[in-house]
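What follows is one structure encoded as structure tokens, with my remarks underneath.
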Amino acid sequence: MPTLHVSIEGRVQGVGFRWFVRQCAKRKGISGWVMNNLNGTVEVAAKGGEADLVRFRRDLQTGPSGAQVTAVKDLDPVTESELGDTFEVRR
């Protein structure tokens, strides 16, 4: 199954970004996780169908109202086994 592992930059913390990501993932049947990083970015790792991940990445580039995404950068791939069967918000 295809995977996605990205870092999202911009005004992405304190605007409900992680909860937005979780909702988008659940609607698309995507599993994985999202978390805030100390450097102000949000990190997302996910697995799902290829078309669903393409649409999910588009959602990440927009974010919720109040967010201002300046970049979505690819990170080193994660294995499917690291992503589980649900989508969780990590602290």
Side-chain angles (χ1 to χ4, degrees):
M1 184 171 282
T3 62
L4 171 77
H5 188 205
V6 294
S7 175
I8 301 133
E9 299 177 356
R11 185 170 34 144
V12 294
Q13 291 190 14
V15 294
F17 203 96
R18 291 177 298 158
W19 309 107
F20 168 83
V21 172
R22 184 179 71 170
Q23 288 300 103
C24 291
K26 286 187 173 198
R27 281 194 299 268
K28 292 172 176 58
I30 291 171
S31 57
W33 49 264
V34 59
M35 70 178 197
N36 285 342
N37 287 320
L38 294 176
N39 65 1
T41 64
V42 170
E43 185 175 344
V44 177
K47 70 177 177 181
E50 191 170 334
D52 291 327
L53 287 177
V54 168
R55 287 189 293 273
F56 183 58
R57 186 180 182 116
R58 269 191 235 126
D59 292 338
L60 299 178
Q61 292 170 328
T62 304
S65 63
Q68 185 176 21
V69 177
T70 58
V72 177
K73 296 184 177 179
D74 290 310
L75 299 174
D76 291 335
V78 294
T79 62
E80 268 189 69
S81 61
E82 294 177 72
L83 299 174
D85 295 324
T86 62
F87 198 91
E88 67 180 65
V89 174
R90 295 182 175 177
R91 306 264 162 178

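For the single chain, residues carry numbers from 1 onward in sequence order.
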Side-chain atoms of residues 77-85: list all donor-acceptor pairs with protein atoms under 3.5 Å, sequence neighbours left out, distances to 0.1 Å.
| from | atom 1 | to | atom 2 | distance (Å) |
| --- | --- | --- | --- | --- |
| Thr79 | OG1 | Ser81 | OG | 3.1 |
| Thr79 | OG1 | Glu82 | OE2 | 3.0 |
| Glu80 | OE2 | Met1 | N | 2.8 |
| Glu82 | OE2 | Thr79 | N | 2.9 |

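- Partners of Thr3 according to the side-chain hydrogen bond (donor to acceptor under 3.5 Å, both in side chains) rule, which considers only residues two or more places apart in sequence or in another chain, do not exist here.
- Smallest separation of non-hydrogen atoms from Pro2 and Gly49: CG-C, 4.4 Å.
- A single hydrophobic cluster is seen to contain both Trp19 and Val15, as judged by linkage of ILVMFWY side chains at heavy-atom distances under 4.5 Å, directly or through other members.
- Using a 4.5 Å heavy-atom threshold, the side chains of Met35 and Glu88 count as separate.
- Scanning all heavy atoms of the two residues, the minimum distance from Gly63 to Phe17 falls at CA-CE1, 3.6 Å.
- Checked against side-chain contact (heavy atoms from CB on, under 4.5 Å), Asp76 has no partners two or more places apart in sequence or in another chain.
- The salt bridge (charged side-chain N to carboxylate O under 4.0 Å, His left out) pairs that include a residue from residues 2-18 are Glu9-Lys73, where partners are two or more places apart or lie in different chains.
- How far CG of Asn36 is from CZ of Arg91: 9.5 Å, rounded to the nearest 0.5 Å.
- A single hydrophobic cluster is seen to contain both Leu53 and Val21, as judged by linkage of ILVMFWY side chains at heavy-atom distances under 4.5 Å, directly or through other members.
- The two residues Ala45 and Phe87 come nearest to each other via the heavy atoms O-CE1, 4.0 Å.
- Residues Leu60 and Val69 form no side-chain contact, since every pair of their non-hydrogen atoms from C-beta on lies 4.5 Å or further apart.
- With sequence neighbours excluded, the residues forming a side-chain contact (heavy atoms from CB on, under 4.5 Å) with Phe20 are Cys24, Asp59, Pro64, listed by chain and number.
- Counting only residues at least two apart or on different chains, the salt bridge (charged side-chain N to carboxylate O under 4.0 Å, His left out) pairs with a member in residues 48-58 are Asp52-Arg55, Arg57-Asp74.
- The side chain to side chain contact (heavy atoms under 4.5 Å, CB included) test with Val12 singles out one residue from Val42, Thr70, Asn37, and that residue is Val42.
- Val72 and Phe56 fall within the same hydrophobic cluster, where Ile, Leu, Val, Met, Phe, Trp and Tyr residues are linked whenever their side-chain heavy atoms come under 4.5 Å apart, directly or through other members.
- Note on Val89: it clusters hydrophobically with Leu4, by side-chain heavy-atom contacts below 4.5 Å among ILVMFWY residues.
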